[in-house]
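These values consider heavy atoms only, across backbone and side chains, with no hydrogens, waters or symmetry-generated copies.
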Amino acid sequence: DDRPSPRAGLGNPPNGNAPRPAGACRILMIGDIIGKPGREAVEPQHCYVCKQHYTVIHHFYDQLCPSCADLNFFKRTELADLRGRVALVTGAGFGLGRSFALGLAAYGATVIVADRDRPNADETVGLIRQSRGLGEAIHVDVAQTDSTDRLFDEIQAKYGRLDILVNNAGITTVPRRTHEVPVEDWDRLIAINLRGVFLCTRRALAMMLARKSGSIISIASIAAPRS
């Protein structure tokens, strides 16, 4: 690949006036990838990176032409190289969890897409594989000990390691005043948002400490700093 990898202006659209070879492309920051939902182009577009025209949005990247959305290009950047790493994202069947899974796969990680909704998890894995990434869907209910144990036992048996855990699974309930909150809603909220993080972190830590390496990322609600 003879495309240049300039370090200046990372994450910014290239200067249209600056001369560069045909097909040249600047490196994108991971923040330029995560959180951009896929869509279909109904008319010619300008690629965000190389400014070439294209008519079809490639995979899950927004405003990138097929050439610039090539996962192999992102894997060769100096920003991150997760090849050979195993990442687990809970609640990855849709929304932010899906975006996290796609972003990690874009940088070479093998991503375990864990979700209570298996069809949605399969869909996320399908998007990863469309882009020549590596992913596997596993059903899990993070609030249940036996379910999380099966998840981590399967990861250990198949991959023998876990390098990244993203505790993303979480729910919200209908906003109510404290004395109006049904106990069932409270129990479900705590079971998934708190107990689920504990159960997954507990098992992930055991695997990571054995290898003396690993990263755990827990996603919090915007309501947290407001409490």
Side-chain angles (χ1 to χ4, degrees), residues 1 3 5 7 9-13 25-41 47-50 56-115 117 120-138 140 142 151 155 159 161-170 197 200-201 204 208 213-222:
D1 191 341
R3 289 181 290 187
S5 299
R7 298 294 297 174
L10 291 180
N12 298 319
C25 186
R26 287 187 184 274
I27 299 172
L28 291 183
M29 295 293 282
I30 193 167
D32 293 323
I33 302 172
I34 291 180
K36 293 180 180 292
R39 60 182 176 83
E40 294 182 358
C47 177
Y48 172 75
V49 179
C50 70
V56 179
I57 296 291
H58 187 59
H59 312 318
F60 53 88
Y61 300 111
D62 190 18
Q63 297 180 318
L64 297 183
C65 68
S67 175
C68 294
D70 190 326
L71 278 181
N72 289 326
F73 166 64
F74 288 108
K75 288 176 183 176
R76 286 192 291 271
T77 71
E78 299 175 10
L79 297 172
D81 187 350
L82 299 178
R83 286 172 293 186
R85 309 289 180 87
V86 177
L88 166 63
V89 183
T90 64
F94 65 98
L96 282 175
R98 173 173 288 182
S99 295
F100 296 148
L102 294 173
L104 289 165
Y107 281 90
T110 297
V111 182
I112 309 302
V113 177
D115 203 285
D117 189 326
N120 278 348
D122 288 335
E123 186 175 326
T124 299
V125 171
L127 291 172
I128 290 173
R129 291 176 179 171
Q130 275 181 23
S131 303
R132 297 185 294 283
L134 301 175
E136 177 182 357
I138 300 180
V140 67
V142 296
L151 168 65
I155 294 172
Y159 300 99
R161 62 187 295 166
L162 180 64
D163 301 282
I164 301 167
L165 165 64
V166 181
N167 284 311
N168 171 75
V197 172
C200 290
T201 300
M208 292 174 179
S213 176
S215 299
I216 296 177
I217 304 153
S218 296
I219 308 303
S221 167
I222 58 173

Closest approach of [X] and [Y], non-hydrogen atoms and distance?
X      : Y      : answer
Ala92  : Thr124 : O-OG1, 2.8 Å
Ala114 : Val140 : CB-CG1, 3.5 Å
Leu165 : Ala204 : CD2-CB, 3.6 Å
Ile128 : Ala101 : CD1-O, 4.2 Å
Val142 : Cys200 : CG1-SG, 3.9 Å
Ser218 : Val197 : OG-CG1, 3.9 Å

Backbone of Asn120 reached by a side-chain donor or acceptor of Arg98 within 3.5 Å: yes

Using only atom types and a distance under 3.5 Å, with no angle test, would you say the side chain of Arg129 pairs donor to acceptor with the backbone of Gly135? yes

Sequence neighbours left out, what passes side-chain contact (heavy atoms from CB on, under 4.5 Å) with [X]? Give chain and number order.
X      : value
Ser213 : Arg211
Tyr159 : Val86, Thr110, Ile112, Glu136, Ile155
Ala137 : Arg118, Ala121, Asp122, Val125
Ile217 : Ile164, Val166, Ile219

Arg161: partners by salt bridge (Lys or Arg N to Asp or Glu O under 4.0 Å), with sequence neighbours left out: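 Applying salt bridge (Lys or Arg N to Asp or Glu O under 4.0 Å) to Arg161 gives Asp163.
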
Reported OG1-to-CG distance for the pair Thr201 and Asn167, which is rounded to 0.5 angstrom: 4.0 Å

Atom pair CG (Leu102) and CD (Gln130), whose distance is rounded to the nearest 0.5 Å: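 It is 10.0 Å, given to the nearest 0.5 Å.
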
Holding to side chain to side chain donor-acceptor pair (under 3.5 Å), I want the full list of residues that pass it with Ser215, two or more places apart in sequence or in another chain. none

